[in-house]
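As structure tokens, the structure follows; a few thoughts come after it.
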Amino acid sequence: TEVQESAFWKAEVDLGNLPPVADRVPSEPLMVDLERKGRSFGQQGGTLRTMVTRAKDVRQMVVYGYARLVGYDARYEIVPDILRAIDIEDDRKFTMHLRAGHRWSDGHPFTSEDFRYWWEDVANNELLSPSGPVDFLRVEGELPTVTFPDETTIIYEWSKPNPQFLQSLAEARPPFIYRPAHFLKKLHAKYANEEELDELLYEARVRSWPALHNRSDNMYKFDNPDLPTLQPWMLATKDGKSRFLFVRNPYYHRVDTNGVHLPYVDVVEMQVVAPGLVAAKANAGEVDLQARGLDFKDTAILKKGEANGNYTTHLWGNGTASQIAIYLNLNYNDDGWREMMRDVRLRRALSLAINRKIINKGLYFGLAKEGAMTVLPISPFYKEENRKAWADYDVDQANAILDEMGLTERDKDGYRKLPDGRPMWIVVETAGERQEVENALQIIIDNWKDIGIKLIMRPLERDILRNRVYSGNTMAAVWFGWDNGIPQTYTSPSYVAPHHQEFFAWPKWGQYHQTNGDAGEPPDMPAAIRLNELAEAWNRAYTAVERGQAWQEMINIHADQLFAIGILNSAPQPVVVSNRLKNVPEKAIWAWSPGAHFGMHRPDEFYFED
Amino acid sequence: MTALLTVENLTIGFDNAAPVVDDVSFSVKPGETLALVGESGSGKTLSCRAALRILPAAAQVRSGKVLFAGPEGATPIDLMQRSERQMCRVRGERISMIFQEPMRSLSPLHKIGNQVTEVLRLHKHMGKGEQLKRVLAMFERVGFKDPERVYNSYPFELSGGMRQRAMIAMAMVGRPELVIADEPTTALDVTTQAQVLGLIKDLQQEYGMAVILVTHDLGVVANMADSVVVMNRGRVMESGPAPLVLSDPKHGYTRDLMAAAPEIPATPVDKGKETERDYILEMRDVSKTFTLKGSSPWKPKTVVHAVRGIEFGVERGKTLAVVGESGSGKTTCARMALGAERADPGASILFRSEKGAEPVDLQKLNNVERLAFQRKAQMVFQDPYSTLNPRMRVKDALMEPMEIHGIGNTSERMDRAAEMLRWVGLSQNMLTRYPHAFSGGQRQRLSIARALMLGPTFLVCDEPTSALDVSVQEQVLTLLEEIRDRLNLSYLFISHDLAVVARIADEVAVMRSGLVVEQGPPDQLFYNPQHPYTKALIAAQPEPDINRPINLRIVAQGAGEPSTWPDAFRFDGLDAPPLTETGPGHKVRCHV
Amino acid sequence: MAILRFAIFRFFTMLATLLVVSVMIFIIINLPPGDYLSNQINELRATGQSNGIAKAEFLRTEYSLDQPLWKQYMIWMGFMPGPHGFLGIIQGEFGWSFEFDKPVADLVGGALWMTVLVNLAAVLFIYAIALPLGVIAAARSKTWIDYTSAFVGYLGLATPNFLLALILFYYGNRYLNLPIGGLMDPKFEGEPMSFEKMKSVLIHLIIPTFVIGTSGAAAMMQRLRANLLDELGKPYVETARAKGMRESAMLVKYPLRVAFNPFVADIGTLLPSLVSGSVLVSVVLGLQTIGPVLLTALKSQDLFLSAFVLMFVALLTLIGTLVSDILLALLDPRIRFGGREK
Amino acid sequence: MTMTPDGRYVDDQPYERDIGAEARHADLDMSNTRLLWLRFKQHKLGLISALFLLLSYLMLPVAGFISPYTPNERQEDYLYHPPQWIHFFHEGKFIGPHVYETTAQMNLEEFAWEYVADESKPARLEFFCKGGQYRLAGLIKTDTHLFCAPEGATVFLWGSDRLGRDVFSRIMYGAQLSLTVGLVGITVSFVIGIVLGSIAGYFGGFLDWIINRVIEILRSLPELPLWLALSAAVPSHWGPVAVFFIISIILGILDWPGLARAVRSKFLSLREEEFVRAAEMMGAKPSRVIRRHLLPNFLSHLIASATLSIPAMILGETALSFLGLGLRAPAVSWGVMLNDAQNLASIEIYPWTAIPMLPIVVVVLAFNFFGDGLRDALDPNRS
Ligand SMILES: Nc1ncnc2c1ncn2[C@@H]1O[C@H](COP(=O)(O)OP(=O)(O)OP(=O)(O)O)[C@@H](O)[C@H]1O
Ligand SMILES: Nc1ncnc2c1ncn2[C@@H]1O[C@H](COP(=O)(O)OP(=O)(O)OP(=O)(O)O)[C@@H](O)[C@H]1O
Ligand SMILES: [Mg+2]
Ligand SMILES: [Mg+2]
Ligand code: NI
């Protein structure tokens with residue numbers, strides 16, 4: 001089938017400013033068979049209105065656009081997207097094939113030169129990347145050999161497997177291993193004319209070319225309309241403050257099987273509004289597609305506005321492993337408490353004492369799934385018993401456990417005492433941004449009181465909270481569970497191992513790993529050491545089965561050890577969809593990773609029906 | 001001819017108390033002057049205010065009508081029934097009022113010129129230039145030497161008399177049909193008073209203006225009034241044509257009043273003289289200059305030489321009276337005598353608390369000495385209203401000096417306050433009132449009472465009786481004399497009333513333009529005045545006798561510009577002849 | 001000349017004060033633990049992105065954030081040259097916003113105008129409402145108009161701004177078709193000023209002005225009323241009445257001027273409040289003013305950006321106090337410059 | 001009355017030269033406070049307000065007794081319960097105060113809770129009954145409540161909130177904090193503001209200069225970062241009330257410059273008044289002049305300012321909690337409650353969660369009228 005010219009660009013084409021569509025799409029475009037995906041074919045046109053809460057969230061368009069070298073499909077499998085194909089040998093050698101005739105949004109050909117430029121002139125340039133290429137390209141410290149045999153082929157090769165490689169490329173925030181070379185060379189000392197570069201530096205008021213280059217090559221920020229892109233929509237607003245328009249990329253690489261050039265929607269209008277007003281504006285029917293900035297507690301008001309606002313509110317499930325999770329800081333600076341918290345029995349007792357049902361009922365209308373922090377059912381590693389482990393409300397058992405631990409002394413208010421005589425007051429710090437957390441803690445305060453433990457809630461500013469946790473000043477903190485609640489065998493288990501300080505239970509172990517031992521402490525609990533070993537094993541594994549085994553054991557350890565006390569998961573996330581907008585799934589998972597929120601549902605296939 | 005304004009059966013009261021104005025009626029015809037005389041606190045001011053409907057909020061008009069004749073032939077309108085808005089067209093334009101206490105009655109934040117011109121702006125359609133001309137002309141006529149300066153001054157930069165004249169100018173400049181003048185000349189020296197009275201008469205003749213003149217000064221009544229209303233305790237005691245009432249008072253109160261009127265005795269009374277002089281206060285080479293604030297920052301500063309090289313002393317147990325032209329620096333002198341104002345450098349003001357004691361220089365007191373001095377020296381202020389804290393009950397105001405100096409306990413202070421009030425002829429029940437709930441004369445007596453609370457040895461009285469009717473004045477003067485003699489008090493006594501001065505003073509200083517022009521014991525000064533200004537003063541003293549009108553010629557000559565005086569006395573700019581002794585204790589500023 | 005000398009003297013005091021303030025501001029901004037780049041790195045790590053970290057480290061040396069605090073201050077102020085001949089405030093170089101990746105000067109320009117617009121509207125609203133109402137409430141004290149205005153004022157004062165805004169937005173949109181949030185219809189953004197844009201801005205200003213203004217208006221009204229009531233009993237008011245002045249004109253000319261004294265004293269805050277007055281309100285109402293910029297800058301410790309805004313506000317505060325002192329002297333001739341005579 | 005033919009009028013009532021001294025009034029020896037009270041009594045609205053405030057404050061220690069529930073007591077089956085009426089008549093018969101039992105229904109269409117009352121079975125309210133434990137006046141532990149619902153029924157006079165807590169009870173308890181702690185801040189700010197303002201205004205000169213500089217610097221100092229820094233600095237184990245208390249005081253400390261400047265400028269002009277000079281001439285010390293002469297003449301402004309600070313102080317925490325500071329659960333205050341209500345659902349679907357606005361407005365108005373009454377009583381010119 002012939003690809004049809006879009007009405008949107010027709011005038012430009014007629015004027016000769018733009019080549020006809022046949023010359024714009026790659027010679028082998030990605031053909032999308034919507035029928036087979038269970039969707040309907042649509043038509044081009046329309047403006048899709050959506051809202052963000054900060055101007056810098058224009059980057060959401062990179063997330064939503066989700067044009068990646070490879071990306072997840074609806075079954076969470078990684079398939080080529082920008083790439084025509086990818087050949088993988090033992091997870092060791094990756095041969096990437098570009099689409100012939102693929103072009104950047106400014107019409108310049110997209111070739112292996114763009115990959116070479118990044119690898120040689122950016123990632124390996126000391127000034128631009130002082131610490132060398134990014135981590136995911138290192139396998140036990142080893143960098144790949146990268147070769148560019150021809151215009152459309154790029155080969156990344158390691159001596160050992162790098163199972164994270166593909167997954168990273170499919171992330172919501174991908175490591176752009178290619179850059180528009182033709183555009184950036186003007187800013188690169190190696191290529192640019194010195195005088196012109198100086199002039200550019202002066203204009204931009206930066207002091208060195210790396211600074212300017214760094215600023216200009218940020219493909220994720222998406223705030224520079226001049227920077228060529230491969231995303232379905234490209235930014236058309238210069239210096240926007242509260243409103244950004246994105247128009248269809250005339251060179252986009254996807255076409256539906258009817259020959260209609262994607263994306264269907266011509267223009268995306270993104271408006272920056274105050275966080276508190278998102279629900280009000282959605283209720284007034286001022287958006288076509290919105291989930292960011294909406295909370296479950298807004299559902300009632302959203303439902304109420306449906307009739308007048310001509311939209312429908314879908315409830316998606318949240319993709320994080322736990323909507324609310326309490327992290328006892330195993331690296332807390334206080335010795336007595338640290339030892340206490342490292343005792344798994346305490347964590348179990350605390351978990352058992354939480355009445356999850358009531359929290360679910362009060363906060364989520366009973367629509368979330370109560371349970372400990374583990375993976376979601378659609379993950380292959382899901383086990384019902386893990387979700388249930390230590391998560392059934394049982395005050396007596398909890399009390400029994402605590403008594404068994406020897407914490408029988410109580411103070412005059414009925415709170416237990418630590419062996420050193422201090423009362424058992426657990427200060428739980430939160431980033432005071434989510435009302436539901438406060439409400440849940442409110443219930444947990446009562447719950448824990450029943451087992452003689454006092455919970456003190458302390459909301460802090462997000463950054464301050466992080467700093468406090470990382471330095472070991474925080475006793476316990478509340479955050480989401482793992483971002484990625486649906487890991488597959490190929491998902492790197494790094495985040496479930498003590499590798500990151502961002503897992504608030506082990507900030508210092510994480511630092512130790514992240515800084516290669518410069519800071520923090522090495523893990524010294526058997527379970528944590530085992531997690532490390534398993535992560536290692538996953539890395540070294542050659543087969544999916546081996547990786548799966550490692551994964552499963554790690555998940556089981558978490559379930560047993562309760563490094564984070566999960567409350568519930570799959571919390572409903574309201575998604576407001578205009579009644580005119582089609583192809584938006586009614587039920588889906590709202591996840592940053594994997595899935596890039598709307599991204600993996602391919603918003604370029606959404607269309608307006610008149 | 002029909003009456004211009006008729007007040008009929010006016011009764012005014014406060015709260016539930018007995019009326020303070022009780023069934024008062026009077027009327028005034030166009031071109032006529034009605035004098036309202038009577039006891040202090042008898043309701044004169046309230047009756048006048050009622051006519052303009054600007055009574056205090058608490059006052060209730062219990063009955064009565066105020067009829068104001070419309071333009072020729074129209075039926076009179078009852079002002080009591082008019083709307084506020086309609087009253088606006090009567091006030092200021094057709095009836096204007098001169099208030100008794102000029103300081104408080106002028107806005108402190110606006111220049112005099114602005115406040116006076118306002119009347120023209122409101123009621124007359126004329127250009128800015130014309131307004132200015134007219135206001136300046138009026139200023140000149142009320143006796144301002146330097147109208148421009150006054151135009152640009154703020155009220156607190158003027159002397160008491162100057163403010164009063166500004167009020168007069170404000171009332172007159174719109175040429176209303178009726179002027180209600182409430183004690184318009186209390187703060188004016190007699191020459192200026194004569195001038196102002198002359199002005200009122202002139203205007204009356206020119207425009208047929210009617211005047212209601214509230215005054216305590218029977219001399220003024222005799223000189224001005226066509227008819228008289230005598231009030232006492234809120235009631236009209238007697239009224240009728242002036243010649244008849246003055247020459248043949250029928251009512252007992254009127255007779256009392258006439259009898260109490262002080263006069264300069266026809267023959268000198270010899271007051272015992274001592275040779276050795278024991279000064280309680282001595283002022284040497286005291287000058288004071290002020291810089292005006294009103295002028296714009298880019299114009300050169302206006303400097304006022306309020307006092308220039310004063311040299312005199314107050315003897316222990318004696319009274320030094322200072323008389324002189326309004327604005328001549330009397331109050332400034334008095335304030336410096338109490339250390340309330342800093343004199344220009346070079347001055348020395350010495351105070352001896354006891355005979356032969358080491359003198360202290362008021363310019364260089366430390367805190368302890370100052371407190372000790374303040375206990376001994378007190379002041380009766382010229383403008384009592386503004387020196388009373390409006391938010392302090394009289395009780396507290398009176399007790400305050402004793403509190404400050406830690407004398408007595410509360411009940412003793414209270415008793416003393418009640419006692420003092422009785423001394424000055426006020427009821428102790430007034431103690432709970434706030435200052436605004438008094439009549440002008442009553443406030444003046446409060447001021448005296450407060451000054452006496454501490455039992456001072458040195459008292460500065462700045463026009464202490466100017467607002468008092470003659471009988472109360474008599475009572476107060478007697479009181480002052482009595483305690484002076486009993487307690488050996490010394491007074492610096494400022495007054496414009498020569499009769500009062502003649503009665504109380506042991507020595508008199510006459511001031512003009514910041515200088516003492518003549519000084520001496522009253523028996524010499526009054527019977528052998530040397531200086532033309534002194535002569536003018538004496539000539540201008542009004543007497544309660546219809547047949548002895550003021551001799552305006554002498555007044556005009558003496559009161560005129562110093563440059564018009566005979567050679568020997570003439571001032572030349574800031575240069576003045578020296579003070580030369582012409583007789584025993586008698587000094588005159590002249591070239592010999 | 002006194003005023004002139006006074007003004008010059010005050011001007012130099014102001015500079016000295018400003019210097020003190022700049023030190024304190026710098027310290028205070030650095031009080032919360034961490035700094036922008038560390039936070040940024042943490043954030044990057046938390047979102048699983050390690051590839052931005054190198055850049056952040058790069059910025060650290062670029063902007064001398066690795067230096068001790070006092071050196072950072074000196075460099076920021078321009079007393080000491082930074083790397084790459086980095087200039088400071090006194091050289092007219094306001095620094096760099098990490099968060100927005102732009103020179104501070106470029107960044108605040110537009111927002112400043114919007115801020116001034118919003119707050120000017122609020123100030124006008126306050127004066128336009130509070131002045132007349134305060135005067136009327138005093139002149140007609142204890143009447144329905146007095147009570148009603150007090151009630152409405154306190155209602156506005158006693159409702160948290162955000163709740164008030166939400167209520168007004170919700171029902172305003174529902175029944176009056178007023179826009180929710182923002183300062184103009186998004187489609188006008190970046191457009192040159194036009195009649196339509198003007199209209200849009202005005203319509204969008206209605207609710208924010210009301211929300212920001214009510215508390216100020218209520219405050220001003222009640223205080224003005226109290227001060228006026230004090231003045232109304234004074235004899236000079238009667239004099240003015242006796243002149244035949246209309247009540248309203250009289251009130252405005254005489255007592256109001258006296259009653260205005262405390263407000264003039266506070267005019268100093270007017271200027272800075274034009275910029276910073278409505279920080280939190282702007283944040284919750286989603287106005288594109290300097291408020292949200294400042295708040296995010298502070299939260300993320302975007303050092304130079306927040307320091308610049310704060311310095312600017314401080315400067316305005318100082319100028320404001322200066323102006324208010326001069327106005328005060330003009331308003332009331334009795335107020336002298338200088339001390340009490342002993 | 002006599003009218004003589006020559007147009008004279010002479011009063012013919014007997015004339016005595018001197019009417020004897022009047023009897024001494026009783027109120028002469030009355031203290032100023034008593035006189036003030038007598039005058040205050042005449043301002044009806046002020047009087048009512050004062051009584052209301054008095055009652056409110058008297059209620060504080062027994063708030064626990066009056067409220068049927070304790071503040072954080074959750075009725076898990078009654079989330080977002082609408083306000084319940086107290087009925088007296090059942091089917092036309094008077095049976096005393098009672099409510100009806102209700103059952104919750106989840107409306108999955110609208111995602112809102114709905115309650116159906118069982119009108120057939122009246123549940124009589126119990127009095128002096130047992131309920132959640134609380135401390136009377138913060139001291140005596142007890143569990144007796146004035147009234148509560150019988151087993152199986154609930155009494156939510158003003159509805160319940162998201163967690164099933166009784167709004168009425170929470171407002172009662174919230175008053176304990178909102179009506180007290182905020183006032184501390186006001187006091188601090190007033191004391192500092194007035195003291196420094198008067199010193200600057202009265203003495204002028206160098207002192208004035210210094211104080212003015214301090215004011216300028218304080219005013220130029222950014223509050224926002226200060227709060228941010230503070231929120232990180234307060235020790236974790238501090239209770240929410242302690243934190244709030246400190247914050248109120250700091251709020252007060254930061255708040256005084258505005259007032260100080262107003263006081264200063266007013267005093268600069270007042271000190272030139274004649275009566276101030278007169279007092280000085282009598283030897284009054286500066287402190288006395290300030291207390292007795294200057295302050296009373298500025299009292300109206302101060303009273304108005306104080307009244308106006310009250311809502312700001314009650315609500316100050318809502319602004320602060322935005323920054324992660326301010327009062328927080330489990331402490332209850334009106335601000336905390338309103339904070340919870342800051343979303344559309346609370347306004348549109350569960351409007352009773354915004355009820356705490358009412359007591360704030362009422363209390364603030366009461367303070368206003370009380371202040372006005374006071375001002376009026378102090379006003380010498382008043383009728
Ligand atoms: N606001 C008030 N409240 C109570 N009593 C008042 C008030 N104003 C005036 N009075 C009383 O009313 C009486 C009459 O006062 P008014 O001012 O008319 O006296 P006056 O004749 O003008 O006396 P003076 O010659 O002393 O000025 C006085 O006794 C005074 O105390
Ligand atoms: N604070 C001031 N600022 C400027 N000029 C002043 C000030 N006080 C007084 N003057 C001027 O000083 C001169 C003397 O004033 P003073 O009050 O001593 O006069 P006085 O003799 O008491 O007059 P009167 O009899 O009218 O009260 C006047 O010209 C007055 O305008
Ligand atoms: Mg009088
Ligand atoms: Mg005088
Ligand atoms: Ni006289």
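To find a chain, count down the sequence lines: A is the first, B the second, and so on, and within it residues start at 1.
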Which atoms of [X] come close to chain D, meaning under 4.5 Å heavy atom to heavy atom: side chain ones, backbone ones, both, or neither?
{"X": "C/S324", "result": "both"}
{"X": "C/V264", "result": "neither"}
{"X": "C/L224", "result": "neither"}
{"X": "C/Y171", "result": "side chain"}
{"X": "C/F260", "result": "neither"}
{"X": "C/L328", "result": "side chain"}

> Using the ring of each side chain (for Trp, its six-membered ring), is D/F369 parallel, tilted or perpendicular to C/Y147, with breaks at 30° and 60°?
Replying inline: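 Taking C/Y147 first and then D/F369, their aromatic rings stand perpendicular (interplane angle over 60°).
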> Are C/R223 and D/S305 close enough, and set up right, to give a side-chain hydrogen bond (donor to acceptor under 3.5 Å, both in side chains), and what steps lead you there?
Replying inline: CA-CA 7 Å; C/R223 294 205 197 123; D/S305 295; 3.0 Å; yes
>> Looking at chain D, which one of C/I25, C/L331, C/I29, C/L18 has the largest number of heavy-atom pairs inside 4.5 Å, strictly under?
In response: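 Looking at each of C/I25, C/L331, C/I29, C/L18 in turn, C/I25 comes out on top.
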>> Shorter than 4.5 Å, heavy atoms on both sides: which option in C/L155, C/I167, C/D230 has the most such pairs with chain D?
In response: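 Greatest number of close heavy-atom pairs with chain D: C/D230.
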> Taking atom CZ of C/R140 as the centre, does the number of heavy atoms from other residues, nucleotides or ligands within less than 6.0 Å exceed 12?
Replying inline: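 Check fails, neighbour count at 12 or below.
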>> Between C/K142 and D/D376, does any NZ, NE, NH1 or NH2 come within less than 4.0 Å of an OD or OE carboxylate oxygen?
In response: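 The answer is yes: the pair qualifies as a salt bridge.
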> Does the side-chain hydrogen bond (donor to acceptor under 3.5 Å, both in side chains) test come out yes or no for D/S300 and C/R225, once each step is laid out?
Replying inline: CA-CA 9 Å; D/S300 304; C/R225 171 182 178 276; over 6 Å; no
